[in-house]
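Below is one structure, written out as structure tokens, with a few remarks after it.
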Amino acid sequence: AQSVAQPEDQVNVAEGNPLTVKCTYSVSGNPYLFWYVQYPNRGLQFLLKYITGDNLVKGSYGFEAEFNKSQTSFHLKKPSALVSDSALYFCAVRDGEAAGNKLTFGGGTRVLVKP
Amino acid sequence: ETGVTQSPTHLIKTRGQQVTLRCSSQSGHNTVSWYQQALGQGPQFIFQYYREEENGRGNFPPRFSGLQFPNYSSELNVNALELDDSALYLCASSLGASGTGTDTQYFGPGTRLTVL
């Protein structure tokens, strides 16, 4: 079984400050980890993924995420948040040793960036 | 935008009715996955199709069924609609269900289904 936890329902940050959105996961095999962002009344937009290799993954719009195997975490970060980053963020995991390509999503974290 | 399109954008049905939702994959993608996103929740995996065959299914009853066509577009059919089926239905396409699971899934804008 695979699962994802996003412990914060909402994160508030001032524009220009660092942004962190937390994610922890559980899988039986190797984790493949993804971050998506969702704007109101829109589908999910892909930000970045970790498959293997360097633990620090860089993605779209200045976002990055750090894979930490010992803590089973994959936190999303941005050094300087913008008001336009306000949206709903989803972490997702796939078990690399399971058949198919099912993604399991967390419940989402709403990010509010204030001017 | 991802190039994944879904129709219709919105749909209102009554309990007991049947509904068909449609999805066109991004060019070159042969795998389609369907997800249900209830209000305030993360997407839940319904099933996946790879080269016209079902390639995995989540915890959804058989009244949720699907098809994938030779051009890799897809349909989601839901029979005997219930109030709890009200949700945003998302389609995602990816390059191939090779079993490695490294492919990125690209999502369409979704279809908002309301069941009254």
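Per chain, numbering begins at 1; letters A, B, ... match sequence-line order. Since the structure is predicted, the reported quantities are computational estimates derived from the model, not experimental observations.
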Query raised in the report: So if you build clusters from Ile, Leu, Val, Met, Phe, Trp, Tyr with side-chain heavy-atom gaps below 4.5 Å, do B:L67 and B:Y72 land together?
Result: no

Requested in this report: Test side chain to side chain contact (heavy atoms under 4.5 Å, CB included) on B:L88 and A:R42 and set out the steps.
Outcome: CA-CA 10 Å; B:L88 181 67; A:R42 302 285 294 277; over 6 Å; no

Query - Nearest-0.5 Å distance, CG of residue B:D103 to NZ of residue A:K49 - result: 6.5 Å

Report summary line: Given B:R112, B:Q105, B:R57, the one with more heavy-atom pairs under 4.5 angstrom with chain A than any other is B:Q105

Query - More than 12 heavy atoms of other groups within 6.0 Å of B:E53 CD - result: no

Query - A:F46 and B:F107 aromatic centres sub-6.0 Å - result: no

**Report entry** Part of B:Q37 lying under 4.5 Å from any heavy atom of chain A
**Finding:** side chain

Query raised in the report: If you count the non-hydrogen atoms of other residues, nucleotides and ligands that lie under 6.0 Å from NZ in A:K22, is the total more than 12?
Result: no

Query - Verify same cluster id: A:L103, A:V57 (apolar side-chain graph, 4.5 Å) - result: no

Query raised in the report: Do B:F45 and A:Y32 sit in the same hydrophobic cluster, where Ile, Leu, Val, Met, Phe, Trp and Tyr count as joined when their side-chain heavy atoms come under 4.5 Å apart?
Result: yes

Query raised in the report: What do the steps show when you test A:Y36 against B:T104 for side chain to side chain contact (heavy atoms under 4.5 Å, CB included), and what is the final call?
Result: CA-CA 11 Å; A:Y36 287 85; B:T104 298; 4.1 Å; yes

Requested in this report: Following the transitive rule for hydrophobic clusters with a side-chain heavy-atom cut-off under 4.5 Å over Ile, Leu, Val, Met, Phe, Trp and Tyr, establish whether B:Y89 and B:L83 coincide in one cluster.
Outcome: yes

Query raised in the report: Are A:L76 and A:F34 co-members of a hydrophobic cluster defined by side-chain heavy atoms under 4.5 Å apart?
Result: no

**Report entry** Close side-chain approach of B:P43 and A:L44, heavy atoms under 4.5 Å
**Finding:** yes

**Report entry** Region of A:Q38 that comes under 4.5 Å of a non-hydrogen atom in chain B
**Finding:** side chain

Query raised in the report: Do B:Y35 and A:F105 pass the ring-ring contact (aromatic ring centres under 6.0 Å, His included) test, and can you show the C-alpha distance, the side-chain angles, and the key distance before you say yes or no?
Result: CA-CA 10 Å; B:Y35 293 83; A:F105 285 85; 5.6 Å; yes

